[in-house]
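Here the structure comes first, spelled out in structure tokens, and everything after it is commentary.
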Amino acid sequence: MDYANEETRQKVRSCAWNTIKAYMASDEVSSQMPLGVEVGLSATISGLPVPVRGVIDLVQHDLTAVDYKSSAAKPDAGHAAFEHELQLVTYQMMIEEATGDTPPSLDLIYLVKTKTPQVIRVKIPPADNQRKQRITDLYKIACEGITTERFHPQPGMQCSWCQYRKECSEWCNK
């Protein structure tokens, strides 16, 4: 990564190091060995031509799916649950397909990069059938829109790291 100057690089490095130290000193570091780290799984969703695939940051010994997030500010638990519903319920569906069991929780662990770093866990209950059906419906709508070319790009900051940025920007010229 390129930095404007050495002072900026050192500030970023110090913030990252302090955040890691806060995590290592927190109660979020489990003494029990996880089932897996960076666990790649997939789930077959009825009506989709391909499986949904994902990589879960951490699967704890009890099947809890954990995704790590970094943030500059303390998260709002309700907003975090809403914002990451698609991701977390998909993780649940992948774990259920792989193991036959439902995880007891779908968790987000925020590494908050404030002056005094914080580590905040947001626990979200596993999805019931209604929540899973809503996610399934979202995948079907997205798949149908893409295959019928009714997909409309929604530019945002996520575009800066998307591998399909060029294709989306050319869509406007069609």
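One-based numbering along the sequence shown.
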So how far is it from [X] [atom1] to [Y] [atom2], rounded to the nearest 0.5 Å?
X: Lys132; Y: Thr90; atom1: NZ; atom2: OG1; result: 11.5 Å
X: Leu111; Y: Asn18; atom1: CG; atom2: CG; result: 12.5 Å
X: Ile109; Y: Lys123; atom1: CD1; atom2: NZ; result: 8.5 Å
X: Phe82; Y: Glu85; atom1: CZ; atom2: CD; result: 8.5 Å
X: Arg165; Y: Gln158; atom1: CZ; atom2: CD; result: 11.5 Å
X: Ser71; Y: Lys113; atom1: OG; atom2: NZ; result: 7.5 Å

Could you list the residues that satisfy salt bridge (Lys or Arg N to Asp or Glu O under 4.0 Å) with Lys11, not counting sequence neighbours? none
Shortest non-hydrogen contact from [X] toward [Y]:
X: Leu106; Y: Pro126; result: CD1-CA, 4.0 Å
X: Asp76; Y: His79; result: OD2-N, 2.7 Å
X: Met94; Y: Val52; result: SD-O, 4.0 Å
X: Trp161; Y: Met157; result: CZ3-O, 3.5 Å
X: Ala127; Y: Arg131; result: CA-NH1, 3.3 Å
X: Glu97; Y: Ser42; result: OE2-O, 4.0 Å

Side-chain contact test, heavy atoms from C-beta onward, threshold under 4.5 Å: evaluate it for [X] versus [Y] and give yes or no.
X: Asp101; Y: Glu96; answer: no
X: Ile120; Y: Val112; answer: yes
X: Leu108; Y: Arg121; answer: no
X: Leu35; Y: Leu63; answer: yes
X: His61; Y: Pro34; answer: no
X: Pro125; Y: Ser105; answer: no
X: Tyr139; Y: Leu86; answer: yes
X: Asp107; Y: Asp67; answer: no

Are [X] and [Y] linked, directly or through other ILVMFWY residues, by side chains that come within less than 4.5 angstrom of each other?
X: Leu58; Y: Val29; value: yes
X: Val89; Y: Val59; value: no
X: Ile124; Y: Ile135; value: no
X: Leu138; Y: Ile45; value: yes
X: Val66; Y: Tyr91; value: no

Other residues, nucleotides and ligands only: do more than 12 of their heavy atoms fall within 6.0 Å of [atom1] on [X]?
X: Glu7; atom1: CD; result: no
X: Lys74; atom1: NZ; result: no
X: Asp128; atom1: CG; result: yes
X: Gln130; atom1: CD; result: no

Pair Thr136, Met93 - check side-chain contact (heavy atoms from CB on, under 4.5 Å), show working. CA-CA 10 Å; Thr136 297; Met93 294 164 71; 3.6 Å; yes
Show, in sequence, the C-alpha distance, side-chain angles and deciding distance for Arg9 and Val12, and conclude whether the side-chain contact (heavy atoms from CB on, under 4.5 Å) test is met. CA-CA 5 Å; Arg9 187 180 87 73; Val12 170; 6.0 Å; no
Looking only at side-chain N and O atoms, does Gln133 offer a donor or acceptor that is under 3.5 Å from a partner on Asn129? no
Taking the six-membered ring where the residue is Trp, are the ring centres of Tyr68 and Tyr23 under 6.0 Å apart? yes
Are the side chain of Thr19 and the backbone N or O of Cys15 linked by a donor-acceptor pair below 3.5 Å? yes
